[in-house]
There are 2 protein chains.
Amino acid sequence: MLTAQINGLTDFPTVHPASPEGFARRFDLPMRERSIPKQQDLLLPDLAHLLLAGQACRNRVLRDGRRQITAILIPGDICDPEAILAQRADYAVNTLTRCTVGEIPLARIAALDHHDLTDALNRRLRREEAIAREWIVSLGRRVGIERMAHLLCELHWRLAAVGLVIGDSFEMRITQSDFADALGLTSVHVNRVLKSLRDSRLIHLHGGRLTLLDRPRLERLAQFDPAYLETSAVPV
Amino acid sequence: MLTAQINGLTDFPTVHPASPEGFARRFDLPMRERSIPKQQDLLLPDLAHLLLAGQACRNRVLRDGRRQITAILIPGDICDPEAILAQRADYAVNTLTRCTVGEIPLARIAALDHHDLTDALNRRLRREEAIAREWIVSLGRRVGIERMAHLLCELHWRLAAVGLVIGDSFEMRITQSDFADALGLTSVHVNRVLKSLRDSRLIHLHGGRLTLLDRPRLERLAQFDPAYLETSAVPV
DNA sequence: CGGTAACTTGAAGATGCTCAACTTGAGTGG
DNA sequence: CCACTCAAGTTGAGCATCTTCAAGTTACCG
C-alpha cells in the first residue's frame, strides 16, 4: 500500500493518512506516483498532479529574480486544477520539501467527462480563491508578525482537516527563505519574526516539527477566522 | 434602452457600451436596475449583482479599521459569483464610484439550472483567481510605484476589453484612498507615487480621466504581462 | 566528518507610515 | 452665479518596519 510505504520513511514529511489518492480511485483514473526532491519544478506536461506527501507551492518569479509564492499546497491538494479545467496553468509549481505526487494523464480525465469531477474541481477552486483573498489581506494590511501568525494558523487548520496535526503540532520543513517568498518579506526578517513568536511563547519549532503553544492568542494576533476555510469542506 | 439612458448622464462613469446586461438576456433572466452612490455597500441578500456602470470593489476590514480591497470590479463583472455558485459570498462589495447594478433574483437562477451558466461563471472565477494571483505578486514583491503601474495596466487592459478605453485614456474616478486600500499603501504614499508617475510623464490625470502617456514604458516598469487576462477571454 | 544549505545576528539604510497642516475642487444652497 | 462646505488631494517632517549587506553559527546530508 502506498500509505504504508511512505510512512515507512522516517523523515518523510506530512503524509496525508486519509489516502488522498482516493481522488483518482473515486473516478477510476490511473495514477502513477513520483517522488521529487525539495526545491524542484513539479509540473509535467499533459498530466494532472495530485500532491500526496510533502509541501509544494505555486510561484512566480519576476525578471530581476524577485519571487512570490501565491499558494502553498499540502497533501490532498491538486497542484494544477487549471490544467484539467482549462488545459493550461499560468504558474509554476515547486516543491518546498521532498514530495510525492500522483500523476494522472489529462487525456484520461478529459475522456471521462465526469460532471461530478468538474464540480469538485470548481469547488476546490472557489476555496483556493478564498485563501488567495485572505493572502491579499495579509500582504496588504498585516505587518510581518501578523502575516506569519496568519499563515501558521491557515496551515494548522488545513493540515488538521486532512489529519496531519497531532495536538497543536505538525511537521513543518519549509525554509525561512520560502516563508519569506510566501509572506512578501526577506528571509532575514522572517527569522526575526519567528524569533519574536518564539520569545512570546506562541510557537515552538524543533526537529522540523512546529507546535502552536497558544493557538487562541496566535489566532487573535493574526485576526484569523477560519470561516473562509470551513465553508466548502471540499470532499474529493 | 438602458445603455442610451445611462450614457445620457454626462458625468456617469465607465458605462459598458457592449451592453453587459446581455448576461441576463442570454439566459432569459429578469434584471432590475439600481443606481447606487459612491462608497456604499452594494450586496443585497437573495440577489446576484451584475455591475453595469461605474467601479466597485470587494473588500475586507480588519477589527482595527485596516481595510484591504481584494478585487476591483468594472462594468460587465459579476459582483458576487459565489452567491450564485455556492449560495454565499464571504466578502463585502462596495461602490468606488457612482454605480448602476443589475439585480437578478438568485431563486430564478437556481431554478433554471443552466449548465452553460455555471460553466461561464466558473470560467470567470478562474480569471478572477488569475487576477488575484497577480495581486499577490504585486503586494508581495513590487514596490509602490510598480504596484500602481501594474494596477493601471490591468485596469487599462480590462476596460479596453469592454470597450471603455479611447486611445490610451479611460475614465477613472477612484479616490487615492481607495487606491491605497487596493495597493496595500497609505493614501499619502499613493499621492506621492502618482506624482512620481506624472513627473515621469507616464500618466496624465485630469477631470476624472486617466491617460497612459507611454504604455510600453509603464508596462515595462510594472513587468506587466497581459497573458493572465487574455487566456479566458470570458464571454457572457 | 566534511561540505553546504539553512539559520542567526548586527548595523546601516530604504521604503513607506503617521501626524499635521494646507490647498484644491466638486457639489449645494442662497 | 457666487459663497460655502466638505471631501479629496498635496506636501513636509519625523519615525517604524523591513531591507540590504555582511559575518558568523548551526544543522543536515552524503
Side-chain angles (χ1 to χ4, degrees), chain A residues 9-13 37-40 55 62 64-68 94-98 138-149 171-199 203-210, chain B residues 9-13 37-40 55 62 64-68 95-98 138-149 171-199 203-210 221:
Chain A
L9 300 174
T10 53
D11 74 327
F12 218 99
K38 65 183 166 183
Q39 315 286 12
Q40 301 262 326
Q55 275 140 24
L62 298 182
D64 48 6
R66 284 177 287 181
R67 172 177 180 247
Q68 179 63 40
N94 280 126
T95 56
L96 296 172
T97 67
R98 196 201 306 191
S138 267
L139 289 164
R141 288 300 181 218
R142 282 189 250 255
V143 298
I145 194 167
E146 298 168 333
R147 254 181 249 181
M148 175 60 85
E171 206 159 350
M172 179 51 57
R173 298 184 182 279
I174 297 177
T175 68
Q176 294 182 2
S177 221
D178 286 329
F179 268 118
D181 287 343
L183 297 171
L185 303 170
T186 59
S187 61
V188 171
H189 200 62
V190 163
N191 184 285
R192 291 182 172 130
V193 160
L194 284 174
K195 175 172 164 51
S196 160
L197 287 172
R198 262 185 277 118
D199 291 349
I203 64 170
H204 177 75
L205 184 54
H206 183 71
R209 196 152 188 93
L210 180 76
Chain B
L9 301 173
T10 52
D11 73 327
F12 219 100
K38 63 183 168 185
Q39 316 285 11
Q40 302 262 324
Q55 276 140 23
L62 298 182
D64 48 6
R66 283 176 289 180
R67 171 177 182 247
Q68 178 64 40
T95 56
L96 296 173
T97 67
R98 196 200 306 191
S138 266
L139 290 165
R141 289 300 181 218
R142 282 190 251 254
V143 297
I145 195 167
E146 297 168 336
R147 255 181 247 181
M148 174 61 85
E171 205 158 351
M172 178 51 57
R173 297 184 183 279
I174 297 177
T175 67
Q176 295 183 1
S177 221
D178 286 328
F179 269 118
D181 287 343
L183 298 171
L185 303 169
T186 60
S187 61
V188 171
H189 200 62
V190 163
N191 184 285
R192 291 184 170 126
V193 160
L194 284 174
K195 176 173 164 52
S196 160
L197 287 172
R198 260 185 279 119
D199 292 349
I203 64 170
H204 177 76
L205 184 54
H206 184 70
R209 196 153 189 93
L210 181 76
L221 169 64

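Every chain is numbered from 1 and lettered A, B, ... according to where its sequence line falls, protein lines coming before strand lines.
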Determine the minimum heavy-atom distance between A/Gln39 and A/Thr175, stating which atoms define it. NE2-CG2, 4.1 Å
Taking every heavy atom of A/Arg66 against every heavy atom of B/Glu146, the minimum-distance pair comes out as NH1-OE1, 2.9 Å
Look at all strands and tell whether [X] reaches a base, only sugar-phosphate, or nothing, counting heavy atoms closer than 4.0 Å.
{"X": "A/Gly184", "answer": "sugar-phosphate"}
{"X": "A/Arg142", "answer": "nothing"}
{"X": "A/Gln39", "answer": "sugar-phosphate"}
{"X": "A/Leu185", "answer": "sugar-phosphate"}

Result for 5'-nearest mapping on DNA chain D, choosing between B/Arg192 and B/Thr175, is B/Thr175
Among the nucleotides D/dC18, C/dG16, C/dT18, which one has an atom lying closest to any side-chain atom of B/Val188? C/dT18
For [X] and [N], give me the distance from atom [atom1] to atom [atom2], rounded to whole Å.
{"X": "A/Ile145", "N": "D/dA16", "atom1": "CD1", "atom2": "P", "value": "17 Å"}
{"X": "B/Leu210", "N": "D/dG9", "atom1": "CG", "atom2": "P", "value": "13 Å"}
{"X": "B/Met148", "N": "D/dG9", "atom1": "CE", "atom2": "C1'", "value": "13 Å"}
{"X": "B/Arg173", "N": "C/dG25", "atom1": "CZ", "atom2": "C1'", "value": "12 Å"}
{"X": "B/Leu205", "N": "D/dG9", "atom1": "CG", "atom2": "P", "value": "9 Å"}
{"X": "A/His189", "N": "D/dA22", "atom1": "NE2", "atom2": "C1'", "value": "19 Å"}
{"X": "A/Lys195", "N": "D/dC18", "atom1": "NZ", "atom2": "P", "value": "17 Å"}
{"X": "B/His206", "N": "D/dG9", "atom1": "NE2", "atom2": "P", "value": "15 Å"}

Between A/Ile174 and A/Arg141, which residue's closest nucleotide on DNA chain C lies nearer the 5′ terminus? A/Ile174
Taking the nucleotide of DNA chain C with the closest heavy atom to each, which residue, A/Ser187 or B/Lys38, is nearer the 5' end? A/Ser187
So, does [X] get its side chain near the phosphate of [N], meaning an N or O under 4.0 Å from OP1 or OP2?
{"X": "A/Arg98", "N": "D/dC28", "answer": "no"}
{"X": "A/Asn191", "N": "C/dC7", "answer": "no"}
{"X": "B/Arg198", "N": "D/dT10", "answer": "yes"}
{"X": "A/Gln176", "N": "D/dA27", "answer": "no"}

How many angstroms lie between atom NE2 of B/His204 and atom CG of B/Leu210, to the nearest 0.5 angstrom? 9.5 Å
Given 3.5 Å as the limit, does a donor-acceptor pair link the side chain of B/Gln55 with the main chain of B/Thr95, or not? no
Any donor-acceptor pair under 3.5 Å linking the side chain of A/Ser187 with the backbone of A/Gln176? no
